[in-house]
Amino acid sequence: MNRLWEGVRASSHDFRSTTNVFPPLDREKIAVDLELRTQGAARGRQDEPPALSQSLDEVEQSIVTRVEEEKLTAYQVLEDQFQTYDERLRNLDFDDQFSLIRQANTTSLSDFKAEVKTGANELHGLRKGLKIAEDELAHFKEQHKLRRAARLSSGAWYFLKIALVVLLLLIETIFNGNFLAVGSQRGLLGGVLEAFTFAFLNITFALLFGLLWVRFITHRNILLKLFGLIGIGAYFAFAVIINLALAHYRELAEGSGLAEAGREVVTRLASDPFVLTQLNSWTLFGVGLLFSIIAFLDGLFWTDPYVGFASVQKRLNAARDDYAGEVEERVELLRDVREEHNAKVQDIIRDLSQRRREAAAIIEHRARLGKLFQEHQNHLERTANELLTVYREANRKTRTAPEPAHFSESFVLERATVSPPSMDESHAERLSRKIEQAQEELSGQIANIGQAFEEAMAQYHQLDDIAPEARNGATQTS
(Lines give C-alpha, C1' and ligand atoms only; values in the text may rest on other atoms or scores of the structure.)
Protein backbone atom coordinates (compact mmCIF):
# COMPACT_ATOMS: atom_id res chain seq x y z
CA MET A 1 0.00 0.00 0.00
CA ASN A 2 2.89 2.37 0.71
CA ARG A 3 4.40 1.64 -2.72
CA LEU A 4 1.06 2.41 -4.35
CA TRP A 5 0.70 5.59 -2.35
CA GLU A 6 4.24 6.75 -3.18
CA GLY A 7 3.47 6.07 -6.84
CA VAL A 8 0.42 8.31 -6.56
CA ARG A 9 2.48 11.10 -5.06
CA ALA A 10 5.31 10.78 -7.61
CA SER A 11 3.30 10.35 -10.83
CA SER A 12 2.86 13.40 -13.05
CA HIS A 13 1.83 13.02 -16.69
CA ASP A 14 0.85 16.53 -17.80
CA PHE A 15 1.16 17.03 -21.54
CA ARG A 16 0.33 19.76 -24.00
CA SER A 17 -1.52 19.09 -27.19
CA THR A 18 -1.14 21.44 -30.10
CA THR A 19 -2.80 21.64 -33.49
CA ASN A 20 0.22 23.39 -35.03
CA VAL A 21 2.37 20.30 -35.34
CA PHE A 22 2.31 20.43 -39.17
CA PRO A 23 2.62 24.05 -40.33
CA PRO A 24 1.19 24.76 -43.81
CA LEU A 25 3.53 25.45 -46.71
CA ASP A 26 3.88 29.00 -48.02
CA ARG A 27 3.02 28.56 -51.69
CA GLU A 28 4.17 31.98 -52.81
CA LYS A 29 7.50 31.69 -51.05
CA ILE A 30 8.21 28.31 -52.67
CA ALA A 31 7.19 29.72 -56.06
CA VAL A 32 9.67 32.52 -55.60
CA ASP A 33 12.42 30.26 -54.27
CA LEU A 34 12.07 27.89 -57.21
CA GLU A 35 11.58 30.80 -59.72
CA LEU A 36 8.59 28.97 -61.17
CA ARG A 37 7.19 31.90 -63.21
CA THR A 38 10.59 32.85 -64.59
CA GLN A 39 11.55 29.30 -65.46
CA GLY A 40 8.07 28.58 -66.83
CA ALA A 41 8.21 31.55 -69.20
CA ALA A 42 11.81 30.80 -70.24
CA ARG A 43 11.14 27.15 -70.93
CA GLY A 44 7.91 28.03 -72.74
CA ARG A 45 9.73 30.20 -75.21
CA GLN A 46 11.89 27.14 -75.93
CA ASP A 47 8.76 24.96 -76.18
CA GLU A 48 10.03 22.90 -73.28
CA PRO A 49 8.95 20.39 -72.26
CA PRO A 50 8.17 18.88 -75.66
CA ALA A 51 4.57 18.22 -76.57
CA LEU A 52 5.15 14.51 -76.66
CA SER A 53 6.75 14.44 -73.21
CA GLN A 54 4.98 12.06 -70.88
CA SER A 55 6.92 12.71 -67.70
CA LEU A 56 7.45 15.71 -65.52
CA ASP A 57 10.31 17.98 -66.47
CA GLU A 58 13.03 19.01 -64.07
CA VAL A 59 11.17 22.04 -62.73
CA GLU A 60 8.09 19.98 -62.05
CA GLN A 61 10.27 17.34 -60.45
CA SER A 62 11.76 19.98 -58.13
CA ILE A 63 8.24 20.93 -57.04
CA VAL A 64 7.33 17.33 -56.37
CA THR A 65 10.63 16.74 -54.59
CA ARG A 66 10.06 19.74 -52.36
CA VAL A 67 6.60 18.52 -51.44
CA GLU A 68 7.81 14.95 -50.86
CA GLU A 69 10.55 16.23 -48.57
CA GLU A 70 7.95 18.14 -46.59
CA LYS A 71 5.84 15.01 -46.38
CA LEU A 72 8.78 12.99 -45.04
CA THR A 73 9.57 15.71 -42.51
CA ALA A 74 5.96 15.79 -41.35
CA TYR A 75 5.89 12.00 -41.17
CA GLN A 76 8.99 12.02 -38.97
CA VAL A 77 7.33 14.57 -36.71
CA LEU A 78 4.28 12.33 -36.61
CA GLU A 79 6.34 9.29 -35.60
CA ASP A 80 8.15 11.30 -32.94
CA GLN A 81 4.83 12.50 -31.54
CA PHE A 82 3.43 8.98 -31.62
CA GLN A 83 6.49 7.72 -29.76
CA THR A 84 6.06 10.46 -27.16
CA TYR A 85 2.42 9.51 -26.67
CA ASP A 86 3.36 5.83 -26.39
CA GLU A 87 5.96 6.68 -23.74
CA ARG A 88 3.37 8.67 -21.81
CA LEU A 89 0.98 5.75 -21.97
CA ARG A 90 3.69 3.38 -20.77
CA ASN A 91 4.59 5.79 -17.97
CA LEU A 92 1.04 5.48 -16.69
CA ASP A 93 2.08 1.89 -15.93
CA PHE A 94 -1.38 0.45 -15.42
CA ASP A 95 -0.14 -3.15 -15.31
CA ASP A 96 2.20 -2.42 -12.41
CA GLN A 97 -0.57 -0.49 -10.65
CA PHE A 98 -2.98 -3.41 -11.05
CA SER A 99 -0.31 -5.80 -9.76
CA LEU A 100 0.36 -3.64 -6.71
CA ILE A 101 -3.37 -3.30 -6.06
CA ARG A 102 -3.80 -7.07 -6.08
CA GLN A 103 -0.80 -7.42 -3.80
CA ALA A 104 -2.10 -4.70 -1.48
CA ASN A 105 -5.53 -6.30 -1.32
CA THR A 106 -3.87 -9.56 -0.32
CA THR A 107 -1.39 -8.22 2.22
CA SER A 108 -3.14 -5.19 3.76
CA LEU A 109 -5.89 -7.18 5.41
CA SER A 110 -3.49 -9.87 6.62
CA ASP A 111 -1.13 -7.21 8.03
CA PHE A 112 -4.05 -5.56 9.80
CA LYS A 113 -5.16 -8.86 11.29
CA ALA A 114 -1.57 -9.56 12.35
CA GLU A 115 -1.58 -6.23 14.20
CA VAL A 116 -4.86 -7.23 15.82
CA LYS A 117 -3.36 -10.56 16.86
CA THR A 118 -0.33 -8.86 18.38
CA GLY A 119 -2.59 -6.55 20.36
CA ALA A 120 -4.73 -9.47 21.50
CA ASN A 121 -1.64 -11.30 22.78
CA GLU A 122 -0.51 -8.22 24.70
CA LEU A 123 -3.97 -7.72 26.17
CA HIS A 124 -4.24 -11.39 27.05
CA GLY A 125 -1.14 -11.16 29.24
CA LEU A 126 -2.37 -8.00 30.94
CA ARG A 127 -5.81 -9.56 31.33
CA LYS A 128 -4.28 -12.53 33.14
CA GLY A 129 -2.41 -10.16 35.46
CA LEU A 130 -5.65 -8.30 36.11
CA LYS A 131 -7.46 -11.55 36.86
CA ILE A 132 -4.75 -12.51 39.35
CA ALA A 133 -5.06 -9.13 41.05
CA GLU A 134 -8.83 -9.50 41.24
CA ASP A 135 -8.53 -12.99 42.71
CA GLU A 136 -6.02 -11.68 45.24
CA LEU A 137 -8.42 -8.93 46.35
CA ALA A 138 -11.35 -11.36 46.52
CA HIS A 139 -9.29 -13.80 48.55
CA PHE A 140 -8.08 -11.03 50.87
CA LYS A 141 -11.62 -9.80 51.52
CA GLU A 142 -12.89 -13.32 52.07
CA GLN A 143 -10.00 -14.23 54.37
CA HIS A 144 -10.43 -11.10 56.50
CA LYS A 145 -14.24 -11.01 56.24
CA LEU A 146 -14.32 -7.59 54.59
CA ARG A 147 -17.45 -6.55 52.73
CA ARG A 148 -16.50 -2.98 51.92
CA ALA A 149 -14.24 -1.31 49.40
CA ALA A 150 -10.79 -0.21 50.40
CA ARG A 151 -10.47 3.44 51.34
CA LEU A 152 -7.82 4.93 49.12
CA SER A 153 -6.66 8.51 49.27
CA SER A 154 -6.26 10.47 46.08
CA GLY A 155 -3.15 12.38 45.16
CA ALA A 156 -4.67 15.64 46.35
CA TRP A 157 -5.62 14.04 49.67
CA TYR A 158 -2.08 12.74 50.15
CA PHE A 159 -0.79 16.21 49.45
CA LEU A 160 -3.07 17.66 52.10
CA LYS A 161 -1.92 15.06 54.65
CA ILE A 162 1.73 15.79 53.97
CA ALA A 163 1.04 19.51 54.10
CA LEU A 164 -0.64 19.04 57.47
CA VAL A 165 2.40 17.24 58.89
CA VAL A 166 4.75 19.94 57.58
CA LEU A 167 2.47 22.66 58.95
CA LEU A 168 2.35 21.01 62.39
CA LEU A 169 6.13 20.72 62.39
CA LEU A 170 6.58 24.39 61.50
CA ILE A 171 3.98 25.67 63.96
CA GLU A 172 5.35 23.59 66.83
CA THR A 173 8.90 24.63 66.00
CA ILE A 174 7.98 28.32 66.05
CA PHE A 175 5.79 27.97 69.15
CA ASN A 176 8.35 25.96 71.14
CA GLY A 177 11.17 28.14 69.88
CA ASN A 178 9.65 31.22 71.50
CA PHE A 179 9.50 29.44 74.86
CA LEU A 180 12.94 27.84 74.67
CA ALA A 181 14.64 31.01 73.49
CA VAL A 182 14.20 32.49 76.97
CA GLY A 183 16.46 29.90 78.58
CA SER A 184 18.77 29.24 75.67
CA GLN A 185 22.24 30.72 75.84
CA ARG A 186 22.24 31.03 72.04
CA GLY A 187 19.10 33.18 71.91
CA LEU A 188 16.24 32.84 69.49
CA LEU A 189 18.21 30.82 66.92
CA GLY A 190 19.32 28.34 69.54
CA GLY A 191 15.77 28.05 70.85
CA VAL A 192 14.40 27.41 67.34
CA LEU A 193 17.00 24.68 66.64
CA GLU A 194 16.22 22.95 69.93
CA ALA A 195 12.50 23.32 69.30
CA PHE A 196 12.81 21.82 65.82
CA THR A 197 14.57 18.78 67.26
CA PHE A 198 11.79 18.16 69.79
CA ALA A 199 9.06 18.93 67.20
CA PHE A 200 10.58 16.57 64.67
CA LEU A 201 10.70 13.72 67.19
CA ASN A 202 7.22 14.50 68.49
CA ILE A 203 5.49 14.76 65.08
CA THR A 204 7.43 12.10 63.20
CA PHE A 205 7.14 9.37 65.79
CA ALA A 206 3.45 10.12 66.33
CA LEU A 207 2.88 9.79 62.56
CA LEU A 208 4.80 6.50 62.42
CA PHE A 209 2.95 5.08 65.43
CA GLY A 210 -0.39 5.72 63.73
CA LEU A 211 0.72 4.57 60.28
CA LEU A 212 2.74 1.44 61.09
CA TRP A 213 1.72 0.14 64.51
CA VAL A 214 -1.63 1.18 65.91
CA ARG A 215 -3.47 0.31 62.64
CA PHE A 216 -3.17 -3.37 63.58
CA ILE A 217 -5.96 -2.76 66.11
CA THR A 218 -8.49 -3.26 63.27
CA HIS A 219 -7.03 -6.61 62.18
CA ARG A 220 -9.07 -9.83 62.46
CA ASN A 221 -6.18 -11.68 63.99
CA ILE A 222 -6.36 -11.49 67.81
CA LEU A 223 -2.60 -11.35 68.29
CA LEU A 224 -2.22 -8.55 65.76
CA LYS A 225 -5.16 -6.71 67.33
CA LEU A 226 -3.42 -7.03 70.70
CA PHE A 227 -0.23 -5.79 69.09
CA GLY A 228 -2.16 -2.72 67.90
CA LEU A 229 -3.57 -2.10 71.40
CA ILE A 230 -0.06 -2.24 72.82
CA GLY A 231 0.90 0.32 70.18
CA ILE A 232 -1.74 2.74 71.50
CA GLY A 233 -0.27 2.54 74.98
CA ALA A 234 3.24 2.85 73.67
CA TYR A 235 2.28 5.91 71.65
CA PHE A 236 0.65 7.75 74.54
CA ALA A 237 3.57 6.90 76.80
CA PHE A 238 6.01 8.22 74.22
CA ALA A 239 3.96 11.37 73.52
CA VAL A 240 3.64 12.22 77.19
CA ILE A 241 7.30 11.55 77.94
CA ILE A 242 8.67 13.55 74.98
CA ASN A 243 6.46 16.57 75.75
CA LEU A 244 7.14 16.40 79.51
CA ALA A 245 10.83 16.25 78.72
CA LEU A 246 10.47 19.38 76.61
CA ALA A 247 8.57 21.21 79.38
CA HIS A 248 11.18 20.26 82.06
CA TYR A 249 13.98 21.17 79.68
CA ARG A 250 12.54 24.67 79.29
CA GLU A 251 12.43 25.25 83.08
CA LEU A 252 15.91 23.81 83.73
CA ALA A 253 17.59 25.56 80.79
CA GLU A 254 16.90 28.99 82.28
CA GLY A 255 19.25 28.54 85.21
CA SER A 256 21.90 26.07 84.01
CA GLY A 257 23.79 25.00 80.89
CA LEU A 258 22.52 22.67 78.27
CA ALA A 259 24.48 19.65 79.52
CA GLU A 260 23.36 20.11 83.14
CA ALA A 261 19.74 20.70 82.00
CA GLY A 262 19.74 17.49 80.02
CA ARG A 263 20.94 15.37 82.91
CA GLU A 264 18.48 17.03 85.30
CA VAL A 265 15.56 16.36 82.89
CA VAL A 266 16.26 12.63 83.02
CA THR A 267 16.34 12.78 86.85
CA ARG A 268 13.06 14.70 87.07
CA LEU A 269 11.31 12.36 84.63
CA ALA A 270 12.35 9.41 86.79
CA SER A 271 11.36 10.97 90.14
CA ASP A 272 8.69 13.68 89.64
CA PRO A 273 7.62 13.73 85.94
CA PHE A 274 4.44 15.78 86.45
CA VAL A 275 5.92 18.46 88.72
CA LEU A 276 6.12 21.67 86.65
CA THR A 277 6.46 25.00 88.43
CA GLN A 278 5.57 27.38 85.57
CA LEU A 279 2.36 27.84 83.59
CA ASN A 280 4.31 28.26 80.32
CA SER A 281 5.79 24.80 80.82
CA TRP A 282 2.31 23.27 81.09
CA THR A 283 1.27 25.24 77.97
CA LEU A 284 4.28 23.91 76.11
CA PHE A 285 3.40 20.39 77.22
CA GLY A 286 -0.26 20.70 76.20
CA VAL A 287 0.42 22.20 72.77
CA GLY A 288 3.07 19.57 72.01
CA LEU A 289 0.74 16.75 73.09
CA LEU A 290 -2.08 18.20 70.95
CA PHE A 291 0.10 18.40 67.86
CA SER A 292 1.33 14.87 68.53
CA ILE A 293 -2.25 13.54 68.68
CA ILE A 294 -3.12 15.32 65.41
CA ALA A 295 -0.07 13.79 63.70
CA PHE A 296 -0.96 10.41 65.21
CA LEU A 297 -4.50 10.56 63.79
CA ASP A 298 -3.14 11.74 60.46
CA GLY A 299 -0.93 8.66 60.27
CA LEU A 300 -3.73 6.39 61.48
CA PHE A 301 -6.04 7.51 58.64
CA TRP A 302 -3.29 8.00 56.08
CA THR A 303 -4.68 5.06 54.14
CA ASP A 304 -7.24 2.31 54.74
CA PRO A 305 -7.15 1.43 58.46
CA TYR A 306 -7.10 -2.31 57.75
CA VAL A 307 -3.47 -3.34 57.25
CA GLY A 308 -2.72 -4.62 53.75
CA PHE A 309 -6.17 -3.86 52.30
CA ALA A 310 -5.09 -0.68 50.52
CA SER A 311 -2.00 -2.35 49.04
CA VAL A 312 -4.06 -5.14 47.49
CA GLN A 313 -6.57 -2.65 46.14
CA LYS A 314 -3.78 -0.49 44.69
CA ARG A 315 -2.28 -3.46 42.88
CA LEU A 316 -5.68 -4.25 41.40
CA ASN A 317 -6.21 -0.64 40.35
CA ALA A 318 -2.76 -0.53 38.76
CA ALA A 319 -3.42 -3.77 36.85
CA ARG A 320 -6.82 -2.46 35.75
CA ASP A 321 -5.34 0.85 34.61
CA ASP A 322 -2.60 -0.98 32.69
CA TYR A 323 -5.16 -3.18 30.98
CA ALA A 324 -7.56 -0.35 30.15
CA GLY A 325 -4.69 1.84 28.98
CA GLU A 326 -3.36 -0.91 26.72
CA VAL A 327 -6.84 -1.47 25.28
CA GLU A 328 -7.15 2.24 24.59
CA GLU A 329 -3.70 2.35 23.01
CA ARG A 330 -4.37 -0.72 20.85
CA VAL A 331 -7.76 0.57 19.71
CA GLU A 332 -6.25 3.95 18.86
CA LEU A 333 -3.42 2.24 16.98
CA LEU A 334 -5.85 0.14 14.94
CA ARG A 335 -7.96 3.21 14.26
CA ASP A 336 -4.90 5.10 13.01
CA VAL A 337 -3.86 2.16 10.83
CA ARG A 338 -7.39 1.92 9.41
CA GLU A 339 -7.66 5.63 8.70
CA GLU A 340 -4.18 5.79 7.17
CA HIS A 341 -4.93 2.75 5.01
CA ASN A 342 -8.28 4.16 3.88
CA ALA A 343 -6.73 7.54 3.08
CA LYS A 344 -4.09 5.87 0.91
CA VAL A 345 -6.72 3.74 -0.82
CA GLN A 346 -8.75 6.86 -1.60
CA ASP A 347 -5.64 8.49 -3.05
CA ILE A 348 -5.01 5.42 -5.21
CA ILE A 349 -8.63 5.40 -6.42
CA ARG A 350 -8.37 9.07 -7.36
CA ASP A 351 -5.03 8.41 -9.05
CA LEU A 352 -6.53 5.60 -11.14
CA SER A 353 -9.34 7.90 -12.24
CA GLN A 354 -6.83 10.58 -13.15
CA ARG A 355 -4.68 8.08 -15.05
CA ARG A 356 -7.74 6.85 -16.91
CA ARG A 357 -8.55 10.40 -17.95
CA GLU A 358 -4.95 10.96 -18.98
CA ALA A 359 -4.92 7.75 -21.03
CA ALA A 360 -8.17 8.75 -22.74
CA ALA A 361 -6.77 12.21 -23.46
CA ILE A 362 -3.54 10.74 -24.87
CA ILE A 363 -5.48 8.38 -27.15
CA GLU A 364 -7.75 11.20 -28.27
CA HIS A 365 -4.83 13.49 -29.06
CA ARG A 366 -3.02 10.67 -30.83
CA ALA A 367 -6.03 10.04 -33.07
CA ARG A 368 -6.37 13.76 -33.69
CA LEU A 369 -2.71 13.93 -34.64
CA GLY A 370 -3.22 11.14 -37.19
CA LYS A 371 -6.10 13.07 -38.74
CA LEU A 372 -4.02 16.24 -38.79
CA PHE A 373 -1.31 14.38 -40.70
CA GLN A 374 -3.83 13.11 -43.22
CA GLU A 375 -5.13 16.63 -43.69
CA HIS A 376 -1.56 17.87 -44.00
CA GLN A 377 -0.89 15.38 -46.78
CA ASN A 378 -4.01 16.68 -48.53
CA HIS A 379 -2.64 20.17 -48.09
CA LEU A 380 0.70 19.12 -49.55
CA GLU A 381 -1.03 17.60 -52.55
CA ARG A 382 -3.04 20.79 -53.15
CA THR A 383 0.06 22.91 -52.73
CA ALA A 384 1.98 20.78 -55.23
CA ASN A 385 -0.80 21.13 -57.80
CA GLU A 386 -1.00 24.88 -57.19
CA LEU A 387 2.76 25.23 -57.70
CA LEU A 388 2.60 23.09 -60.85
CA THR A 389 -0.23 25.30 -62.09
CA VAL A 390 1.89 28.43 -61.53
CA TYR A 391 4.73 26.92 -63.54
CA ARG A 392 2.51 25.55 -66.31
CA GLU A 393 0.52 28.75 -66.75
CA ALA A 394 3.73 30.72 -67.18
CA ASN A 395 4.95 28.06 -69.62
CA ARG A 396 1.71 28.15 -71.68
CA LYS A 397 1.82 31.90 -72.16
CA THR A 398 5.19 31.86 -73.91
CA ARG A 399 5.26 28.58 -75.84
CA THR A 400 4.19 28.21 -79.48
CA ALA A 401 4.09 24.43 -79.64
CA PRO A 402 1.27 22.46 -78.08
CA GLU A 403 1.65 21.73 -74.37
CA PRO A 404 2.36 18.23 -73.13
CA ALA A 405 -0.66 16.14 -72.25
CA HIS A 406 0.39 15.79 -68.62
CA PHE A 407 -0.02 19.56 -68.13
CA SER A 408 -3.74 18.92 -67.80
CA GLU A 409 -3.27 16.13 -65.27
CA SER A 410 -3.31 16.68 -61.51
CA PHE A 411 -0.48 15.48 -59.31
CA VAL A 412 -1.43 12.73 -56.89
CA LEU A 413 0.69 12.57 -53.73
CA GLU A 414 1.51 9.11 -52.54
CA ARG A 415 0.11 9.01 -49.02
CA ALA A 416 2.24 7.84 -46.10
CA THR A 417 0.43 5.21 -44.06
CA VAL A 418 -0.20 6.11 -40.43
CA SER A 419 0.77 3.20 -38.14
CA PRO A 420 -2.09 1.91 -35.98
CA PRO A 421 -2.04 3.21 -32.39
CA SER A 422 -0.66 0.99 -29.66
CA MET A 423 -3.88 1.52 -27.71
CA ASP A 424 -7.03 1.71 -29.78
CA GLU A 425 -10.53 2.48 -28.53
CA SER A 426 -11.32 -1.15 -27.75
CA HIS A 427 -8.15 -1.41 -25.73
CA ALA A 428 -9.07 1.80 -23.94
CA GLU A 429 -12.49 0.38 -23.10
CA ARG A 430 -10.91 -2.77 -21.69
CA LEU A 431 -8.52 -0.63 -19.67
CA SER A 432 -11.43 1.44 -18.38
CA ARG A 433 -13.20 -1.71 -17.22
CA LYS A 434 -10.03 -2.93 -15.50
CA ILE A 435 -9.66 0.39 -13.73
CA GLU A 436 -13.27 0.32 -12.57
CA GLN A 437 -12.76 -3.23 -11.34
CA ALA A 438 -9.60 -2.21 -9.47
CA GLN A 439 -11.44 0.73 -7.90
CA GLU A 440 -14.23 -1.58 -6.80
CA GLU A 441 -11.67 -3.94 -5.28
CA LEU A 442 -10.06 -1.05 -3.42
CA SER A 443 -13.44 0.14 -2.17
CA GLY A 444 -14.10 -3.42 -1.03
CA GLN A 445 -10.72 -3.35 0.71
CA ILE A 446 -11.87 -0.32 2.72
CA ALA A 447 -14.98 -2.27 3.73
CA ASN A 448 -12.85 -5.32 4.63
CA ILE A 449 -10.55 -3.24 6.82
CA GLY A 450 -13.58 -1.70 8.50
CA GLN A 451 -15.06 -5.14 9.15
CA ALA A 452 -11.70 -6.37 10.48
CA PHE A 453 -11.64 -3.35 12.81
CA GLU A 454 -15.09 -4.20 14.16
CA GLU A 455 -14.04 -7.83 14.61
CA ALA A 456 -10.96 -6.66 16.48
CA MET A 457 -13.13 -4.56 18.80
CA ALA A 458 -15.33 -7.58 19.43
CA GLN A 459 -12.26 -9.73 20.09
CA TYR A 460 -10.86 -7.19 22.54
CA HIS A 461 -14.20 -6.93 24.30
CA GLN A 462 -14.32 -10.69 24.70
CA LEU A 463 -11.34 -10.29 26.99
CA ASP A 464 -13.49 -8.01 29.14
CA ASP A 465 -15.76 -10.95 29.91
CA ILE A 466 -12.92 -12.18 32.10
CA ALA A 467 -12.01 -8.70 33.28
CA PRO A 468 -15.41 -6.92 33.31
CA GLU A 469 -14.25 -4.11 35.60
CA ALA A 470 -11.86 -2.94 32.90
CA ARG A 471 -14.63 -2.70 30.33
CA ASN A 472 -15.76 0.78 31.31
CA GLY A 473 -12.30 2.21 30.74
CA ALA A 474 -11.70 0.25 27.55
CA THR A 475 -15.02 0.61 25.74
CA GLN A 476 -14.97 4.39 25.98
CA THR A 477 -12.13 4.44 23.45
CA SER A 478 -13.73 2.06 20.96
Side-chain angles (χ1 to χ4, degrees), residues 1-12 93-94 96-134 155 315-356 435-478:
M1 188 60 65
N2 287 334
R3 290 177 59 194
L4 280 171
W5 188 62
E6 291 297 331
V8 170
R9 296 179 60 194
S11 64
S12 178
D93 200 8
F94 285 105
D96 185 58
Q97 288 290 309
F98 294 148
S99 176
L100 289 176
I101 288 172
R102 287 191 296 269
Q103 180 182 357
N105 287 341
T106 303
T107 59
S108 296
L109 187 59
S110 60
D111 291 344
F112 188 86
K113 290 183 177 180
E115 187 67 36
V116 173
K117 183 65 175 177
T118 301
N121 292 336
E122 291 289 337
L123 292 177
H124 184 72
L126 292 175
R127 191 261 340 252
K128 291 177 64 177
L130 176 57
K131 186 64 169 58
I132 292 173
E134 287 183 334
R315 287 195 293 272
L316 174 60
N317 292 347
R320 187 175 296 156
D321 292 341
D322 290 343
Y323 177 77
E326 184 67 18
V327 171
E328 180 179 359
E329 182 178 348
R330 286 293 171 177
V331 171
E332 190 65 27
L333 175 62
L334 292 181
R335 182 180 290 112
D336 292 341
V337 171
R338 181 191 61 179
E339 292 177 355
E340 181 181 2
H341 171 273
N342 292 345
K344 291 179 180 179
V345 168
Q346 293 293 348
D347 287 339
I348 295 168
I349 292 176
R350 286 191 295 269
D351 175 66
L352 286 175
S353 299
Q354 180 180 354
R355 289 174 185 240
R356 179 172 60 180
I435 292 175
E436 291 178 357
Q437 181 181 359
Q439 290 176 335
E440 291 177 358
E441 292 177 357
L442 288 171
S443 298
Q445 181 72 2
I446 293 178
N448 292 336
I449 291 294
Q451 182 179 358
F453 180 81
E454 296 300 328
E455 292 175 354
M457 296 302 97
Q459 183 178 357
Y460 288 173
H461 291 163
Q462 287 177 359
L463 299 175
D464 296 339
D465 295 337
I466 303 178
E469 290 81 359
R471 182 179 302 168
N472 292 334
T475 54
Q476 292 176 359
T477 65
S478 58

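For the numbers below, each heavy atom of this structure counts, side chains included, while hydrogens, waters and symmetry mates do not. All of these numbers come straight from a predicted model, not from anything done at the bench.
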Q: Calculate, to the nearest 0.5 Å, the distance between atoms CG and CG belonging to Leu130 and Asp321 respectively.
A: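 Answer rounded to 0.5 Å: 9.5 Å.
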Q: Sequence neighbours left out, what passes side chain to side chain donor-acceptor pair (under 3.5 Å) with Gln451? Give chain and number order.
A: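 By the side chain to side chain donor-acceptor pair (under 3.5 Å) rule, Gln451 matches Glu455.
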Q: Could you measure the distance from the CD atom of Glu328 to the CZ atom of Arg335? Nearest 0.5 Å is fine.
A: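 So the gap between those two atoms works out to 9.5 Å.
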Q: Holding to side-chain contact (heavy atoms from CB on, under 4.5 Å), I want the full list of residues that pass it with Ile132, two or more places apart in sequence or in another chain.
A: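 For Ile132 there are no side-chain contact (heavy atoms from CB on, under 4.5 Å) partners, ignoring immediate neighbours.
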Q: Please give me the minimum heavy-atom distance between Ala319 and Ala133, naming the atom from each residue.
A: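 What the structure gives for the nearest pair is CB-CB, 4.1 Å.
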Q: Let me confirm one number: the CD-CG distance from Glu329 to Leu334, rounded to the nearest 0.5 Å.
A: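 Answer rounded to 0.5 Å: 10.5 Å.
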Q: Just wondering, do Lys128 and Lys131 contact through their side chains at under 4.5 Å, heavy atoms?
A: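 Lys131 vs Lys128: side chains apart.
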